[in-house]
K.L.:
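Here you go, one structure.
Here the structure is a predicted model, which means the values were calculated and not measured.
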Number of protein chains: 2
Amino acid sequence: MRKGKTRSPGRSSVVTLSDVAALAGVSISAVSRTFTSGASAGKETRRRVLAAAQQLGYRPNAIARTLSTRKSRIIAVVVSYLENQFYPSVLEALSQLLQARGYHVLLFIRNESTSKDSETDTFLLEMLQYQVDGIVLASTMMSSELAAHCQESGIPVVLFNRTSKMNQVSSVASDNIEGGRLAARLLLRKGARRIAFIAGLEDSSTSQEREQGLLAELNDNGVQLFGRRVGEYSLEAASRAARGLFDVAPSKRPDAVFVANDHMAFAVLDVLRIELQLQIPEDVQVVAFDNAPQSGWGGYQLTTIEQNVKAMTEATVSILLEQISSEVPTPACHIVTPVTTVLRRTTKS
Amino acid sequence: MRKGKTRSPGRSSVVTLSDVAALAGVSISAVSRTFTSGASAGKETRRRVLAAAQQLGYRPNAIARTLSTRKSRIIAVVVSYLENQFYPSVLEALSQLLQARGYHVLLFIRNESTSKDSETDTFLLEMLQYQVDGIVLASTMMSSELAAHCQESGIPVVLFNRTSKMNQVSSVASDNIEGGRLAARLLLRKGARRIAFIAGLEDSSTSQEREQGLLAELNDNGVQLFGRRVGEYSLEAASRAARGLFDVAPSKRPDAVFVANDHMAFAVLDVLRIELQLQIPEDVQVVAFDNAPQSGWGGYQLTTIEQNVKAMTEATVSILLEQISSEVPTPACHIVTPVTTVLRRTTKS
DNA sequence: GTGAAAGCGCTAACAG
DNA sequence: CTGTTAGCGCTTTCAC
């Protein structure tokens, strides 16, 4: 191991507290204090320290600070995949907010297709090892088990865009039930009567709630669900689902579909329009969920139920920071953000 | 500050090396060694340590380890925005590779629109403070200056999908010039003679090279560039560029456009088809660059020059890890990955 | 307000 | 192979 004053040249970051202290002719605690907001800083001392620090190009070592304070100012965010543009949007918003408050994002992408269950543990371990101050689980496919694990390790967790059976852990999600109802109401109002649903993953709370809302509203209006398939949140499965529903005799076809998210809806629209030569919205109307960026693009013009990314991400960081700063374990809280329907060309005007 | 053995309950991560050592009845170094690969581990000792660690739920503290070893196993990756799906793809691939090798991704999103120049420094500072082992700059819009800064701080940097005037810093990028030539050749072969170009950001090396290749090939075939606009890598500017080029008398219209990336091309296609009611590829052919995921979707079916994300990301991590592990400063290296044209429906068959 | 000193949890000589 | 020990760079009592 290197000895005290030996410096490997070229590494500017090896300027330490004591170097600055030496140059400024004060103690290291003095230096530490001037770099710690809200500490008893001597006026003249501060000036000299700042000068010395400036001259030396001193940068506080966040790692050392973390070791000492047990606060890393790092938030782990885990997502399952970035293919669905909704998630990059979220990631961007989240990162922005966190950065503005002096936190940093340690990104974990848990690609479902290439990862086994055991990896879940690996992930968790790694997050814990890095002493992250908080975790946001923005992964619809993440097991509730993992959430529980995190929770019990004592570090704040918030479930993003999903909820958990156990109310122990905080969550932020859209009003998916209401969203499902909005979709149903819209479709009904536009004259649809043979309404089908394409689910995401069966065990995703998000998909379940959206379906639940759909069914409730349909039921309230005395109409039955016409068909149902599972799209697993993937392009391929969604395409298959669409074929299953629509590649049949016209008399057996739905006249509308509610797709659990925009991402799947793009695939659905492609098979409907291109493979099956169906007219949208004349032959079939479709409404989905999220309002991902591409939904508004000319190629799709998808009518959808919008999730309020801004509200969701803001709630997420505020809960997280709240829990982080609070000494006592804060009770879990569950935020439900409102949704709105945005009308485009996949429903009749 | 908390005293030695005092534990705040509920925080399982406070189990330390010495706790394990005590339970196992060995020294802390023994414990440390069994958790350090390639260390002289006593067979029986190891067994007992592992048992004790297991029982206590011990997790090595990566922060402490970092402080001691000066290796954080964290790589900073900075991107400018995630709206262009090419970047989420890259991020996912990068994260995958890095994770597999025991590294982690600290994500920085430098949203151009909301950030001032001074923030560049802030970013850099933060990365340095966290003692990141390496940096990948996957941001076309990032100033070369920042790259230089990083470089001089002694930590390995690789420019992703861009190059720098100064050859000091490593880079990984596609063969953009060849890509531009491929686009030109394709368009020429498909009968286009009035070929226009929509650039990204003027000072982006990537856009410059693509244009350069286009011009070179055009020139070799004795044809002049028919028109040129700047799309700034944004949907809005690209739409404007498309209007500028095509919202004119038919006699003055290009019969093909090469767009500097797919992201802009989507906007271009939308104005061409929807606003201007032009037939693609009959009235105008378009080819772009990247082969972003959506390019293959039914709504666009965009002919494009594909960047090999796999090759690019693999090269990136291999350079990075190489430089990290090498004691002496490794000379900068510049990887150029091959591109291929993928034919779809925006060019004639 | 300021300095001395004791850690934070782990690693890496070094001597046995 | 094992234990002892001296740090890594910073924060935070605790006296002065």
K.L.:
Please enumerate all residues that pass side-chain hydrogen bond (donor to acceptor under 3.5 Å, both in side chains) together with A:Glu44, with sequence neighbours excluded.
P.N.:
A:Arg47
K.L.:
For B:Arg70 and C:dA12, what is the distance between atoms CZ and P respectively, to the nearest whole Å?
P.N.:
12 Å
K.L.:
What integer distance in Å separates A:Arg33:CZ from D:dC14:P?
P.N.:
13 Å
K.L.:
For the pair made of OH in B:Tyr130 and C1' in D:dC10, what is the distance, rounded to whole Å?
P.N.:
14 Å
K.L.:
Would you kindly give the CG-to-P distance between A:Leu56 and D:dG9, to the nearest whole Å?
P.N.:
14 Å
K.L.:
Of all the choices, C:dG9, D:dT13, C:dA12, which nucleotide is nearest to the side chain of B:Thr69 once you look at every atom?
P.N.:
C:dA12
K.L.:
Taking only residues two or more places apart in sequence or in another chain, which ones pass ring pair (Phe, Tyr, Trp, His ring centres under 6.0 Å) with A:Tyr103?
P.N.:
none
K.L.:
Of the listed nucleotides (D:dT2, C:dA5, C:dC10), which one gets closest to any side-chain atom of B:Thr45?
P.N.:
D:dT2
K.L.:
Check every strand shown and say whether B:Val31 touches a base, only sugar-phosphate, or nothing at a heavy-atom separation below 4.0 Å.
P.N.:
nothing
K.L.:
Should the ring pair A:Tyr130 and B:His104 be called parallel, tilted or perpendicular, given that the plane angle runs from 0 to 90° and is split at 30 and 60?
P.N.:
perpendicular
K.L.:
Taking atom C1' of D:dT11 as reference, at what distance in whole Å does atom CG of B:Leu67 sit?
P.N.:
12 Å
K.L.:
Can you label the angle between the A:Phe35 ring and the A:Tyr58 ring as parallel, tilted or perpendicular, going by 30° and 60°?
P.N.:
perpendicular
K.L.:
Round to the nearest Å and state the distance from B:Leu17 atom CG to C:dG9 atom P.
P.N.:
10 Å
K.L.:
How many Å lie between CD1 on B:Ile63 and P on D:dT11, as a whole number?
P.N.:
14 Å
K.L.:
Using the C1' atoms of five pairs at each end, what's the angle between the two axes of the helix from C:dG1-D:dC16 to C:dG16-D:dC1, to 10 degrees?
P.N.:
40°
K.L.:
With sequence neighbours excluded, what pairs up with A:Arg101 under the salt bridge (Lys or Arg N to Asp or Glu O under 4.0 Å) test?
P.N.:
none
K.L.:
Would you please name every residue forming a side-chain hydrogen bond (donor to acceptor under 3.5 Å, both in side chains) with A:Thr66, sequence neighbours left out?
P.N.:
none
K.L.:
Among the nucleotides D:dC10, D:dT4, C:dG9, which one has an atom lying closest to any side-chain atom of B:Ser27?
P.N.:
D:dT4
K.L.:
Kindly write out the residues that satisfy salt bridge (Lys or Arg N to Asp or Glu O under 4.0 Å) with A:Glu314, not counting sequence neighbours, or none if the list is empty.
P.N.:
A:Lys310
K.L.:
I want to verify a distance call: between D:dG9, C:dG3, C:dC10, whose nearest atom is closest to the A:Ala64 side chain?
P.N.:
D:dG9
K.L.:
In whole angstrom, give the distance that lies between atom NZ of B:Lys71 and atom C1' of C:dC10.
P.N.:
16 Å
